[in-house]
Each structure stands twice: as C-alpha cells, then as structure tokens.
S.K.: 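Sending over a structure as structure tokens; questions will come in a sec.
Below, read A as the first sequence line, B as the second, and so on, with proteins coming before strands; counting in each chain starts at 1. No experiment lies behind these values; they were computed from the predicted model shown.
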Amino acid sequence: MDKIRFYPLDITYKVINNKPVIHLFGKTADNKQVCVLYDDFEPYFYVIPKKGSDINNDLKNFETKRNDETISITKTETVKKRYLGNEIDAIKVFVKLPSHIPVLREELKNWNSIESINENDILFVRRFMIDNNIVPLTLYEAEGEFITQKLKVPAFKTKKIEPFESDTAIKPRILSFDIETYTPGYREIEPEKNPIIMIAFYAEDVAEENLQPGVSPKPFKKVFVWKRFKTNLDYVEFVESEAELIEKFKEVIGTYKPDILTGYFSDGFDLPYIKSRADKYKIKLDLGLDFSELKVKKGINVTAQITGITHLDIFKFIRKIMAGTLDTNQYNLNAVASEMLDEKKHDVDLDELSEAWDKEVESMDKFCEYNLNDARLSYKLAAKLMPTIREIVKITSLTIYDVNRMGFSQLVEWYLLKQAPQFNQIAPNKPSNDELIKRRAIRIKGAFVFEPKAGLYNNMVIFDYRSLYPTIIGSHNISPGTLNCSCCEGEAKSAPVENENIWFCEKRKGFIPTIIEDLITRRMRIKEIVKDQTDEKFAILDARQNTLKLLANSFYGYLGFYAARWYSLNSAEATTAYGRHYIKDVMNKAQNSGFRVIYGDTDSIMITLDEKTKEDAIKFSEKINQELPGLMELEFDGFYPSGIFVSAKMSDFGAKKRYALISENGVIIIKGFESVRRNTSLIAKETQEKVFEIILKEKDNEKAVQYVKRVVDDLRNKRVPLDKVIISIQLQKELSEYDARGPHVAVAQKLKNRGINVGPGSAIRFVVTMGNDIIRNRSKLPEEIKEHEYDSDYYINNQVIPSVERIFNVLGHTKQDLTEAKEQTKLEGFF
DNA sequence: GGCTCCCGGGG
DNA sequence: GTGTACGGGAGCC
C-alpha cells in the first residue's frame, strides 16, 4: 500500500467494467499531476412514499429494460429525513449506474404509492463530492497503489480518501492563450470560412525543475503564426500551415502541462473556433488527460471543457461574479483590464490584420504584440482573481470549472445542496416547466426607496444596515421550511406582508436561516481578524470574507429565483417587507431625533447634520442597535462634505439611484449611471463622457450646458462628421426570418438586393437621414449619402439628449435649455 | 403598452 | 451527462 497526498482540481467519472469509477485529476503535494481513481461510490436517489404505504418490497423487486439492459434497484434503505420543515420517512434507492436513475425516475413517477422522487438529478460526481466532503484545491491523503490506465498522468487507485491539511496552498499552473482570426471588415466572424492567423501563449509560473538559482524566471511567451515575415520579436515562431498551427496549440498544452488553461471569452470564442478549424482538418483535439477531445457545448451558453485540465474563461467569471464590484458596465478585455490592472489592450485596427495577411505585408509585428498582450492581460486577470476563485471553490466545494460558469443563484443552490445532508435535509426538486413559466411571470414588491430631492447637499451622513436581507432572513427565521408552520398557527407574529397572513416558525430554527447565520457569523469573525490589516497574508482572509458576504447576500434573490429548488415567494416577500419596515423605522427615528432625512434606499439612509454633529449621528446609531433583533445591525457608513443627486424617474422600470458624492478625502463617488450601449452613435457616447468630466471635475455646470449646446449646434449645422453618427447593429438571423423589420433589417435588405452577401452576424451600419417617414425608411448606408444628409433632429433627440438629459435635469436645465440655440447667439443681439 | 429583437464577449 | 438555467433596453405593431 502506498499513500499519496494530492489536491483535486477536476473530477469526472467513467464507466469501467460496468462500474462507475470516479477520476480525481489533481496535483500531488510535490507538484506532479496525478489521477486518483475511486470505485466504491454507489449512485442513489430518494423516494418519499405516500403516508401509510410500504413500497420497499415493490422497489426491490422492480425491474425495467432499456434497450437490452435490465435496470433494477440494487438496494434500499429507509431513512428518517427532514423535508421542507417536516419529519418524514424516505427510502434511499441505490442503483448500479448513474444513467439508470433517469430511467427509474420515469418509471416510478407513475406509482400511486409515491409522494415524490428527490435528488434524482444531482450529478454523480457532485453527489460523490458532497457525500465524501471533497473540496477542490484542498489537500487529501489517499491510500492505495499506482496502476496502469490509459491516461496521460499516473493513475492511483484508492479505497480511502481523507482530508489532510486544509490550509496548505496549491499554486496551480496557469497558461493563458488567445487567437487572432482572419476577419475582413464588414463581415461576421466565420469559423467555417476563415482561418486562425496566430495563437499566443503567456504564463508566469515556471516549473520548479526549470528554475535556476539566482536567475529570476522569465515568463513563458509564444506567438505562433503560419506565414513568414521579417521580425525581431524573439517569441514569434513560424509554422507552415493553419493545420500545423493547431498541432502547435496541442503541443504547447501537452508540454507545458497547465492545471488551468485560461482565456478571455474562450468559452464562447477561442476554443470553439479552434475546434471548428481542427474539425475542418480532421485534427483530433485530444487535449484531455484521458485522451478525450475538447468538448464544445453549443446552445445559449457555449462552454468548452477539457477533461483533467480546468478551462477557466476569465471573462465569464468576471461578468457573472465580479460585475457588481466593478465600476465599468462593459466587460470587454480593454475595459476590464483598465479597471482591474490599470493596463490597456494595444491600440491596433484589426481590420488591417486581414489586409496585411492578404497582401503579405512586410511586418506583422504589431499584431503579434497585440496578440501576446491580450494573452498576457488574461493571464494577469486570472492570476489576480485566483484568491477569490479559490475561496468560492472552498466555500461551495465546487470545482473551478463549475464555479466559473455559475451565477450567484446556482452558487447558493449548490451551497445548500452541500449542506443539506449535514442537516438531514432532503432537497426539494427543481420546478417543472409549467411551474417555471408561472413563477417567471410573478414580480414581488421590492425595497422601499425614499426619493431624494434632486440638488446639492452639504454635511451628509450615510447609515446602512449591515447585510440587511441576510440578517432579516436569519433573525426572522424566514425559509420555505418554517413558513406557515402548523405548530405556530395563530400564535406566531405575522410577517409585515400586505394583504397576506403569513408567519414563520418561532419554535424551531429553519435550515436556510441556520445556514445564513452561519455564513454571517463566519464572515464577522474573519472581518474581525482582517480589520485594519493590510499585510499580503490577509488577502486570502479578505477574499474569504468577501465570498461569504456575496453568498449570504444572494439568498434573498435565490428564494425568489424562479428556477430555485428552495423557491419561496412568501419568504422573498417577507424579506423585503421586513426590509421596508426597518428602513422606514430608522428614517422616522432619525427625523424624531432632529436629523433631516434626504434619501433612503433599501438598506441605507442619508441624513444631513445641519446643526448636529457627527458624534450625535454615531450616538443615534448606537441607540438603534440596542433594539434590533438577532444579527441585525445599523452601521455608520461615512461622512460626506457634499454631493449631488440626479433625478431618477425617467424610465418606468424601478427608480434607479443616481448620485455623485465627494468623500472627505476628495474622492468622487458616482453611482447608478448606465453605460452607453454599442448601438448608439459615437457622438452620444462622447457627449455623455464629456459632460460627466466637466461637472464632476471642473464643477462648472454652465460649461457643461454650453458643451452640449455646442454639440447640438454642431449636429444642426452638420459640423459633426458622418462617422460619429453611424449606428451599427448586427443581424441575428437570415433576413427572411425577420418578422419585425427594424432599421438595420431594412438596410440589410437593400444590401442584399444589390447582391451583397449579408447574413447572421453581419454588422449593419446605417445613418438616419432626414424626412417624415418612419425610421427604417430613413435609414441609409453611410456610403450612399453625403456628409450633411443625416437627420440632425434624430441624433439630437434620440441619441445625444437622452444620454445627458438626466444629469441636466438636476442642475435645473430642461431639454429645451440644451437644444435651443446657443445663448451667445441670442445675446449677440444685445451688444 | 405588449411583443420582438438585439446586445454582450470575441476578430 | 442522475443536466444546466440571462436580463435589460429599444423600436415596432
């Protein structure tokens, strides 16, 4: 018997000799790749029989056929469980193979003696991980022996896997890559038609064995191109053909042996593109450590998976998990790298790449540099986010691959599924399709917002309830399992939900409230340790407390999320209802204590001190806290010398909160302004940016008005060049498939009539020209009109003004102020 | 006002 | 693979 210690990274299973064998791909403690095999885990699910019916024998004797295979139940166990607040007898039903479970479910669901079938859709590997407490990225010890298997890494067969030390850190080997493709201007990206031109690789962690004493490791940099040109870039390597380029791609991954392969939008672009090119040349992309091929799953969410190697699409992680913590509203590599790394993409016109490629222009250096830089930025982002990813992995016990592709609701659900067995809970099922449609249609009453009066304020203090919804859920025992319990009927206090009498159990703490309070207190403990520490070694703890917070904050949304297993509309309603109660309560009390309340929203209030002092405000919050239940707490968020509120009511969709504040140390904080979308003209984008700059930095409102007026005036007098009024919209399907004919569809039809090949993906650029017709009939190709033919009024009223209108409403200017002729011109008459 | 469509990321 | 899932804004009808 041998013993090895290893960190699981990617876990899968295979049926070998009619037995499911778990494969745990990972790294040994001394940094070697390994695959640990375990074949002692049996698939199972739960059956909840109707009260009074004994179906154990029926189950044991049951048999069905699928093709030629006989499917039966290998054994059953009667277990005492809790299911949505009730104690029940359930039957744990074991089968031979995971794939037998859906077959049995379909058969059993027709049995009259069965109340419900549960946990029949929990993937085998996840079930194994939950039941055996496997947490990726933490150290385990396995006992067994090395055996021969058809794998690229040594295989170790074990009967026993146990946690070793949880705190040792593994440093995964990350390799980043990026491709550039041949994409002539105007056309869509077409993997079937157009080749990959180059592939860049970048990595910084160099294998221990390659390190030389005293020499600092150089990053691994490569750009492979399949046409020759003169270059001095030492990382550029030429190959003879695109097919050879793809072979190189395989070779680098094979020799570098990354634990994590990362890219930016590589789920949706790079890997599917490489796959479709490889298919064309009949090249097998057998990158998996078990020699399996790269799996590209099409559909609404394209994913690309390699067995044994974690494919991390860092874009997906950033958009799903980090979006809320970033200022940027755009998640392209340039915007994200600018904010997170303070670095930019190289400024290169990619249309020229295809031209250069066609004409075999002397040097392609700048494109190679651009390509490598993109790979480098993705690497840096992945490296920077590793602590966060690692903590989410450790808290949820999901692999990096899975965490990467989940949103908050799924993370909450998997966290609950992981906790459920420890609390002896059987998980509720996912909703049926009909149920899903019903749930989707419902909207619940949200938070209370006390709208601020637009304008300028001084000496402001902000208070907020720390983790308001999570603490409400915990303190008021809100969950589907405690909702309207029979044990407290008529005795428990009603939740403040309007027009409904609902209550939550006051005798027994529910599953979800217990879990959420655990998350909150764990976070509080860590925060206490991290407090005021700036040392590097506290970064991990900081990432951990942040993850705990994000997770706890997602529970409310989860309870009201239509696809949730523990969905409970009443619980979600009660949470916001209590939220409204508490925020209104603190507003009243602030007013009664002599503060002026200027703004309140969900969990925070803003007051002005006027004659009172900061100390008075702090004393006030202390008094509030004495009366709050459980873990609820009102915090002093900060003091702000001044700020501007922007009128929020523009759209009918819930009031957005828009304001700008200046903190005591002069930092400007802007909240709530949406980005300008791609399908708006450049002139609208530019104007909004400039207005922000003038108002916030130069504090010169009049100058901002004048600036917009000048733009409006320039538009009226056609001084704005044509390229700033072009709107670009992509075709999503074939022209014939369109029912609604938007402007871009009309323009595309004209192109088609002229014999130009337009189809899905074609970016249709158009300019709205003058006239009284509807917009699509006035939309023309930029090429077919003259500089001055665009419709100034359209660009003023539908593009530029909407982008700045809200800002100016605050400053007391109407739309007319911005659009009427420039003041100077009017005044000129007086002098 | 509802319905339908587009967008994102990537070259 | 014991499947697995967007969400918000704009313009037509």
S.K.: So what does Asp121(A) hit on the nucleic acid, given a heavy-atom distance under 4.0 Å: a base, only sugar-phosphate, or nothing?
M.R.: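 Base: the residue Asp121(A), judged by heavy atoms under 4.0 Å, touches a nucleobase.
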S.K.: Sticking with atom C1', work out how far dG10(B) lies from dA5(C), rounded to a whole angstrom.
M.R.: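 So the two C1' atoms sit 23 Å from each other.
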S.K.: Does this structure show an ion pair linking Arg376(A) with Glu343(A), if we count only N-O contacts that are shorter than 4.0 Å?
M.R.: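 A salt bridge is present here (some side-chain N lies under 4.0 Å from a carboxylate O).
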S.K.: Among residues 98-106 of chain A, which ones have heavy-atom contacts with DNA chain B below 4.0 Å?
M.R.: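 Nothing qualifies; none.
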S.K.: Across the strands shown, which category fits Ile179(A) at heavy-atom distances under 4.0 angstrom: base, sugar-phosphate, nothing?
M.R.: sugar-phosphate
S.K.: Side chain of Ile189(A) only, heavy atoms from C-beta on: which candidate in dG11(B), dA5(C), dG9(B) is closest?
M.R.: dG11(B)
S.K.: With respect to the side chain of Trp414(A), which nucleotide from dT4(C), dG11(B), dT2(C) is positioned closest?
M.R.: dT4(C)
S.K.: Closer than 4.0 Å, any side-chain N/O of Arg776(A) to the OP1 or OP2 of dC13(C)?
M.R.: yes
S.K.: Categorize Asp374(A) for me: base, sugar-phosphate, or nothing, with a 4.0 angstrom heavy-atom threshold over every strand shown.
M.R.: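 Sugar-phosphate: the residue Asp374(A), judged by heavy atoms under 4.0 Å, touches backbone atoms but no base.
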S.K.: Are any of the side-chain nitrogens in Arg127(A) or Asp131(A) under 4.0 Å away from the carboxylate oxygens of its partner?
M.R.: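 Yes, Arg127(A) and Asp131(A) are salt-bridged.
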S.K.: Checking Arg126(A) against Phe124(A): charged group under 6.0 Å from the ring centre and within 45 degrees of the axis?
M.R.: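 No - Arg126(A) does not lie over the ring of Phe124(A) by the 6.0 Å and 45° rule.
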S.K.: Do the charged groups of Asp121(A) and Arg105(A) touch, with an N to O distance under 4.0 Å?
M.R.: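 Looking at Asp121(A) and Arg105(A), the cut-off is not met.
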S.K.: Measuring to OP1 and OP2 of dT4(C), would you say a side-chain N or O of Lys297(A) lies under 4.0 angstrom away?
M.R.: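 No, outside the criterion.
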S.K.: Kindly indicate whether the side chain of Asp351(A) and the base of dG11(B) share any N or O donor-acceptor pair separated by less than 3.5 Å?
M.R.: yes
S.K.: Tell me if the centroids of the rings in Phe249(A) and Phe224(A) come within less than 6.0 Å of each other.
M.R.: no
S.K.: Please tell me if Lys320(A) has a side-chain N or O lying less than 4.0 Å from either OP1 or OP2 of dA5(C).
M.R.: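 For Lys320(A), the contact criterion (side-chain N or O under 4.0 Å from OP1 or OP2 of dA5(C)) is not met.
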S.K.: With sugar-phosphate meaning primed atoms plus P, OP1 and OP2, does Tyr794(A) contact a base, only sugar-phosphate, or nothing at under 4.0 Å between heavy atoms?
M.R.: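 Result for Tyr794(A) = sugar-phosphate.
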S.K.: For Tyr264(A), report the nucleic acid contact type (base, sugar-phosphate, nothing); a contact means any heavy atom under 4.0 Å.
M.R.: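 Sugar-phosphate, backbone atoms only, no base.
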S.K.: Which nucleotide wins on minimum distance to the side chain of Tyr331(A), given the candidates dG9(B), dC6(C), dG11(B)?
M.R.: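 Closest nucleotide among those given: dG9(B).
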S.K.: Taking only the P atom of each, what is the distance from dG11(B) to dC6(C) in whole angstrom?
M.R.: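 Here dG11(B) and dC6(C) have their P atoms 24 Å from each other.
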S.K.: Quick check on Asn110(A): does its CG atom have over 12 non-hydrogen neighbours (other residues, nucleotides or ligands) under 6.0 Å away?
M.R.: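 Above 12, so yes.
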S.K.: I'd like to know if Lys65(A) and Glu69(A) make a salt bridge, using a cut-off of under 4.0 Å between side-chain N and carboxylate O.
M.R.: no
